[in-house]
Amino acid sequence: MNKKVILFDINETVLNLGALKPIFKETFGSEDALSLWFSKLLHLSTVCITTKVKSNFAELATIVLDAIAVNYKTQLTENKRTELLGAFSNLSPHSDIKPALSKLRQHGFKVVALSNSSLNLISMQMKNAELTDSFDDIISVEETGSFKPDPTVYKFAATKLQQPIDQLCLVATHDWDTHGALSVGLDAAYIDRTGVPYNPLYLKPKIHSTTMGNLVDSIIADQA
């Protein structure tokens, strides 16, 4: 039996966004600034998917930064905007990522980075996090002009990898992402990094864990 190709979401699943909290708090004066920015970014990208508005991560990220600046009554300079967005290229990986990727590859799985970010940004993130050699391939959704969880994006990844949809498995810490993958025919595995309950309206993956080590062991056992 051919082993599934394991796709990894990047922001928060692989890379720790927690390092951004201090700079967002310093800029906007609130502990909640980062989570507000990220939630608004997801909302905007979903509206773009639904209404067929073509854009890219960098453009949406900038739009939302300006929006929350108004929310927090903060004047963003061009330098500060560049600093905030640039911080995304220097995120550290979660401590459990390198061992997990290594174990999967040792067991014959191909591991691929899949992100809504641009290919240039993902490549920079992987280089700065010292993960470039840990992945077999990197895929950005930018060529589609859309974002996860648009079904088009997951199908694009399958085409890019020259694999049937059902031979792909997405690992993500976002329930909307695992739901999106499952809804189009991929397998998925959910890593709970926040403790927030999985949305009961979404399709649920059979593999889920609070630790990446256990999650990877379950993927390996499922393909044994």
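- No donor-acceptor pair under 3.5 Å is formed between the side chain of Asp150 and the backbone N or O of Val153.
- Between His174 atom NE2 and His179 atom NE2 the span is 15.0 Å, to the nearest 0.5 Å.
- Salt bridge annotation for Lys148-Asp177: present, with a cationic side-chain nitrogen under 4.0 angstrom from a carboxylate oxygen.
- A salt bridge does not link Lys4 to Asp222: none of the charged nitrogens lies less than 4.0 Å from a carboxylate oxygen.
- Distance check, rounded to the nearest 0.5 Å: CE of Met126 to CG of Leu121 gives 9.0 Å.
- The backbone N or O of Ile10 sits nowhere less than 3.5 Å from a side-chain atom of Thr13 that would complete a donor-acceptor pair.
- Heavy-atom minimum distance, Gly180 versus Pro149: CA-CB, 3.9 Å.
- Here His43 contributes atom NE2 and Leu60 contributes atom CG; the two are 11.5 Å apart, rounded to the nearest 0.5 Å.
- Sorted pairs that involve residues 99-145 and meet ring pair (Phe, Tyr, Trp, His ring centres under 6.0 Å), not counting sequence neighbours, are lacking altogether.
- The aromatic rings of Phe28 and Phe24 are tilted relative to each other, their planes meeting at an angle between 30° and 60°.
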Should Thr46 and Trp176 be marked as a side-chain contact (heavy atoms from CB on, under 4.5 Å) after you check the CA-CA gap, both sets of side-chain angles, and the distance that decides it? CA-CA 11 Å; Thr46 302; Trp176 53 265; over 6 Å; no

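- Salt bridge present: Asp96 and Arg193 bring a charged side-chain N and a carboxylate O closer than 4.0 Å.
- To the nearest 0.5 Å, atoms CD1 (Ile191) and NE2 (His208) are separated by 11.5 Å.
- Between the Asn16 side chain and the Ser92 main chain, no donor and acceptor come within less than 3.5 Å of each other.
- Summarising the geometry of Asn199 relative to Lys204, their closest heavy-atom pair is O-NZ, 4.2 Å, with the distance given to 0.1 Å.
- The CG atom of Leu65 lies 11.0 Å from the NZ atom of Lys80; values are rounded to the nearest 0.5 Å.
- Between Asp217 and Lys103 there is a salt bridge, since at least one side-chain N of the basic residue sits less than 4.0 Å from a carboxylate O of the acidic one.
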